[in-house]
Visitor: 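I'd like to ask you about the structure that follows.
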There are 2 protein chains.
Amino acid sequence: MTTDAGPPRPVTRIQREKQEVILEAALDVFSQFGFRGSTIDQIAEAAGMSKPNLLYYFKSKEDIHAPLLERILDIWLDPLREMNDDGDPLAEIRSYIRRKLEMSRDFPRESRLFANEMLRGAPGFYEILHTDLKDLVDEKARLIKGWMAEGRLAVTDPYHLIFSIWATTQHYADFDIQVRAVLGPDRGGEGRFDDAARFLDQLFLSGLSPKKKA
Amino acid sequence: MTTDAGPPRPVTRIQREKQEVILEAALDVFSQFGFRGSTIDQIAEAAGMSKPNLLYYFKSKEDIHAPLLERILDIWLDPLREMNDDGDPLAEIRSYIRRKLEMSRDFPRESRLFANEMLRGAPGFYEILHTDLKDLVDEKARLIKGWMAEGRLAVTDPYHLIFSIWATTQHYADFDIQVRAVLGPDRGGEGRFDDAARFLDQLFLSGLSPKKKA
DNA sequence: ATTTTTTTTGACCGATTGGAAAAATTCTAG
DNA sequence: CTAGAATTTTTCCAATCGGTCAAAAAAAAT
């Protein structure tokens, strides 16, 4: 009982690799059909292995889902954490929007998995939402409120401002099919994220009011 | 073969009622778990009847789901249809936002069902998206573009403007759990929709730039 | 009151679900 | 090479899935 000689060596090289393959496949499946709509067989096939083999690495469906959610929330909030008092408030917010939009472009499956979880009421996730997440948003809301008090930003509700950034950016991942269907083949190509970035820049900077005629 | 004496009387009073009960229950279930994640037993229990009894009114799971989707898309696009050239462009857009936000408040399940369908790629729905929906959006985009050309609205991408309205308003239905978790018990009460309406008014009207000091 | 139609129920079906057990295989260290 | 551990496959299971069917019950029509 001195050197803690328990079983501390469960991490082989092949284990790490296969676990990564499984999580990757599970992300594909879960992000489309949600937790309940996805099957282990589906994930196993996407991962190129048999179901019992998959269950050798993750002992249950939940055990695959949970780490995905944790990882995603962490990545997801990174851009918000980086918003600080360094530069111009408008530039900070603009930068936050841009980073969030890039994440919707580069990690759409992660966004959809998160959305799926929200839609079903985020069971077993609700704790983190109104502790960790709420704390972070509260902190950034105070930061934004400070900017407003200094007259460096129009006075509005900082919480709903953050919501609107989440909503507008994630929309391009979660409702991708709709976006591309509406834009059509010409406008809906890869350039749609650049168009979105330009539009959002203007929206959050100055809104829709026309410039006064000189 | 003269008077077409087929079976043209399948609509009894009790049939209409039970069908309504079933669709109501199905909306509850489908909006949470999506099509694949929902079970007929679940819907039957929510509707207060046995599974075979439910299948007496709708002969398959898809037959319950399809009419829900059709009905929802129709209701969902109504506010957009009503946007026309009657009054001030900014007032028209403001009114559209308000109506859309009210729908997220009053019909959150419908919004979530729609979101669920988008997340899984809208199979058997894609047709309508880039015919009916695209046509409507194209028409309204032209209307908006006209306003911009007349200098009555800031010049931006009208498609992404519409997307941003969809995103910001539906967010309060689809991510309701997150919104309430972040806002907390005090700010997250019934008043959150009024706060959202005020914020969105300002965002779309004039953005976040601070007013110039006099 | 009785016939006919509509509605509901109970029993059941094959396929799929999440998961267990154990044998068979492959890998790795000595 | 060979023992031991790690990995994979085969087989299997009880529960649940979407859905059928015939019989019972309830309404409606006569």
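Chain identifiers are assigned alphabetically (A, B, ...) following the order of the sequence lines, protein sequences preceding nucleic acid strands; residue numbering begins at 1 within each chain.
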Visitor: Distances under 3.5 Å only, N/O to N/O: pair up the protein atoms with those of nucleotides 26-28 of chain D.
Guide:
residue : atom : partner  : partner atom : Å
dA28(D) : OP1  : Arg13(B) : NH2          : 3.2

Visitor: Among all residues two or more places apart in sequence or in another chain, which pass the side chain to side chain contact (heavy atoms under 4.5 Å, CB included) test with Lys59(A)?
Guide: Asp63(A)
Visitor: Would the His65(B) and Phe125(B) ring centres measure less than 6.0 Å apart?
Guide: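 Aromatic pair excluded; centres sit 6.0 Å or further apart.
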Visitor: Does Tyr56(B) place a side-chain N or O at less than 4.0 Å from the phosphate oxygens OP1/OP2 of dT8(C)?
Guide: no
Visitor: Using 4.0 Å as the upper bound for N to carboxylate O, is an ion pair formed by Glu20(A) and Arg16(A)?
Guide: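 Salt bridge absent between Arg16(A) and Glu20(A).
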Visitor: Has the side chain of Arg112(B) got a donor or acceptor atom that lies under 3.5 Å from a matching backbone atom of Gln32(B)?
Guide: no
Visitor: In whole Å, I'd like the distance from the NE2 atom of His65(B) to the P atom of dG18(D).
Guide: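 My rounded result for the distance is 13 Å.
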Visitor: When you look at Arg192(A) and Asp176(A), which way does the salt bridge (charged side-chain N to carboxylate O under 4.0 Å, His left out) test go after all the steps?
Guide: CA-CA 11 Å; Arg192(A) 68 187 189 277; Asp176(A) 178 62; 2.7 Å; yes
Visitor: So, OP1 or OP2 of dT9(D): does either fall under 4.0 Å of a side-chain N or O from Ser50(A)?
Guide: yes
Visitor: Starting at CG of Leu54(B) and ending at P of dT9(C), how long is that distance when rounded to a whole Å?
Guide: 12 Å
Visitor: Whether Asn53(B) contacts dT9(C) is assessed here as follows: a side-chain N or O lying under 4.0 Å from the phosphate OP1 or OP2. Is that the case?
Guide: yes
Visitor: I'd like to know if Arg109(B) and Glu24(B) make a salt bridge, using a cut-off of under 4.0 Å between side-chain N and carboxylate O.
Guide: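 Yes, this pair counts.
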Visitor: What is the distance from NZ of Lys18(A) to C1' of dC27(C), rounded to the nearest Å?
Guide: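 From Lys18(A) NZ to dC27(C) C1': 12 Å.
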Visitor: Which atom pairs link the protein and nucleotides 14-18 of chain C when you take only N or O atoms and keep those under 3.5 Å?
Guide:
residue : atom : partner  : partner atom : Å
dG18(C) : OP1  : Ser38(A) : O            : 3.2
dG18(C) : OP1  : Ile40(A) : N            : 3.4
dG18(C) : OP1  : Lys61(A) : NZ           : 3.2
dG18(C) : OP2  : Ile40(A) : N            : 2.9
dG18(C) : N7   : Lys51(A) : NZ           : 2.9

Visitor: Can you tell me which nucleotide in dT8(D), dT10(D), dT8(C) comes closest to the side chain of Tyr57(A)?
Guide: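 So the nucleotide nearest the side chain must be dT8(D).
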Visitor: I need the CD-C1' distance between Glu17(B) and dT7(C), as an integer number of Å.
Guide: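 Distance, rounded to whole Å: 13 Å.
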Visitor: Identify whether the distance between the nearest side-chain nitrogen and carboxylate oxygen of Asp201(A) and Arg198(A) falls below 4.0 Å.
Guide: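 Result for this pair is no, no salt bridge flagged.
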Visitor: Could Arg71(B) and Asp74(B) be called an ion pair, given the rule that one side-chain N must be under 4.0 Å from one carboxylate O?
Guide: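 Asp74(B) and Arg71(B): not salt-bridged.
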